[in-house]
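Below: one structure, written as structure tokens.
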2 protein chains.
Amino acid sequence: MEAEDDLLQWTRKEGNEYLSHISLDCVVFGFHANQLKVLLLKMKHLDQLALPGGFLLPEETLEEAAIRVLRERTGLEDIFLQQFHVFSDPGRAEGNKRCEELKAIGFHPEKAAWFAQRFLSVGFYALVDFSLVDPKPDALSDSCGWHNLDGALGLVLDHDQIFQAALHAVRAQLNYQPVGYNLLPKKFTMPELQRLYETILDKPLDRRNFQRKIFSYGILRRLDEKRTGVAHKAPSLYSFDLRKYQKALKQGLEGGW
Amino acid sequence: MEAEDDLLQWTRKEGNEYLSHISLDCVVFGFHANQLKVLLLKMKHLDQLALPGGFLLPEETLEEAAIRVLRERTGLEDIFLQQFHVFSDPGRAEGNKRCEELKAIGFHPEKAAWFAQRFLSVGFYALVDFSLVDPKPDALSDSCGWHNLDGALGLVLDHDQIFQAALHAVRAQLNYQPVGYNLLPKKFTMPELQRLYETILDKPLDRRNFQRKIFSYGILRRLDEKRTGVAHKAPSLYSFDLRKYQKALKQGLEGGW
DNA sequence: CCAAAAGTGTTGTTTTTACACCCATGA
DNA sequence: TCATGGGTGTAAAAACAACACTTTTGG
């Protein structure tokens, strides 16, 4: 069968080139229709979803590997990425049918064994512009697409846990770094930005207070344009002042002490 | 020579038991004489200091490995540990004299090669009660001891970078989690706790405002005791309300949004 | 013309900062 | 007794939370 050939080929060609024991998984967030979305793969021969992930080549940093993986999955070159945790439970692949599956579908045992080894997984979260992503499945999956956060349950391996941890990390980021440049198109309206924050935090915010606070960071530029063609009053467009945004990313947004 | 035998023996006995490509390094902070200290090893045959570190056994989580390493280095069983970053630059061991050194001092090339492989290092920071630590060197070092933060320069490999990142991570922790239970003895005075915060933040704080803020977290218990025998007015002793402290650790201390 | 969303300011409350005096102790 | 550090309160400023009316637009 075709799908199985893919699998066989994949490990034959590349399995041995990767560093052993190390993998990475990416929780890719996008924002669309006023909702946070996460990019997931539908695994072949398995009724489960998985985070896009991959392995580390000998000459790569983890960040470079993550960028490579995400380029393959999304077509994007420039992605905001953040390492957030290493998942190292020796049992994290237990209950994993993948290795068994692989053999069952004709994998060479030696190659299948590569998958059977223990892997640590370095978790990354990524924030991307939904509209620029062109999702492509990998060799182990037969589709790749966006899902609502509440649809991201029952993932493969410990990916539920990785996903939850990523969500937590993104929420934490809001408190010391700006978010939005990577998730929104270049031009956006204030309500859109607010929806983004509300979705990430999963709670409603007051329009006026939100606006004041965001402005106080000094990272927004108001454009001389409005979004037209939509119902109701035309909202103004904004863009991030990239210079100040980057500065805020590095320095953090005030602190407690 | 004795030291070289140690090295030979070490890899012979254990080198192959560890997972390849993965190491961990710990930045252990203690507090003494109103100063933050960091635990460092003096490397054998090398005029450089290094962070205590180690490798991962097949059945361990990273956290368990870090605890094992720190038990060996400090004698402590209970240590506050936090993963904070993975250092994965393929060149991070370049300029490393270690592998060359090992061969030069009679290492079996095959064994020395184990050290020559590429390692990722998972960085942990640890907060410990200075007075309970009994520092012990490892097989690659000839002493282990506390250093002031400004003495932690010119470390081996990329340990300078790891150290700086750890410091940054601890500072960040102050803004969303309490710190102190792990660094101070059971009973301590308010000024001692304040010194601790001041040292970590590297800036002076107002006594009264500090006290108010710390109290507002509701994690302190004031004891019916005073520290006697010291000059000046006897300060009251406090201890952490462990239950509430743990809760604050988990939940975080308020947030921005 | 009306329903729905956008824009904008003010006020009361809470939190943060800045600051000064008295007290206890060992030297 | 005095020098040193510990203990405590208050007032001004800043940040935050709550809240309502007017404007614009497409349907």
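In this text the structure is predicted, and so the values were computed from the model without any measurement. Each chain gets a letter, A, B and so on, in the order the sequences are listed, and its residues count up from 1.
Whole-Å rounding puts the B:K226 NZ to D:dG7 P distance at 7 Å. Counting to the nearest Å, the P atom of D:dA15 and the CG atom of A:D206 are 18 Å from each other.
Heavy-atom contacts from other residues, nucleotides or ligands closer than 6.0 Å to OH of A:Y181 number 12 or fewer.
Between A:K233 and B:K233, the residue anchored closer to the 5' end of DNA chain D is B:K233, taking for each the nucleotide with the nearest heavy atom.
Using modelled atom types and a 3.5 Å distance limit, the side chains of B:T189 and B:R227 yield no donor-acceptor pair. B:Q173 and B:Q82 share no side-chain donor-acceptor pair at under 3.5 Å.
Residues B:F130 and B:K37 have side chains in contact (heavy-atom distance under 4.5 Å, counting atoms from C-beta outward).
At a non-hydrogen distance threshold of 4.0 Å, B:R207, B:R208, B:N209, B:R212 from residues 207-223 of chain B come into contact with DNA chain C.
Considering every non-hydrogen atom in both B:M43 and B:A50, the closest pair reads SD-CB, 3.4 Å.
Counting non-hydrogen atoms under 4.0 angstrom, B:T189 reaches nothing in the nucleic acid.
Ring centroids of B:Y245 and B:F240 are separated by less than 6.0 Å, placing the two rings close together. Between B:F84 and B:F124, the ring centre distance reaches or exceeds 6.0 Å.
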**Study point:** Verdict with supporting geometry, A:S121 and A:D25, side chain to side chain donor-acceptor pair (under 3.5 Å)
**Key:** CA-CA 6 Å; A:S121 178; A:D25 288 295; 2.6 Å; yes

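Read 5' to 3', the first and last nucleotides of DNA chain C with an atom closer than 4.0 Å to a heavy atom of chain B are C:dT17 to C:dG26.
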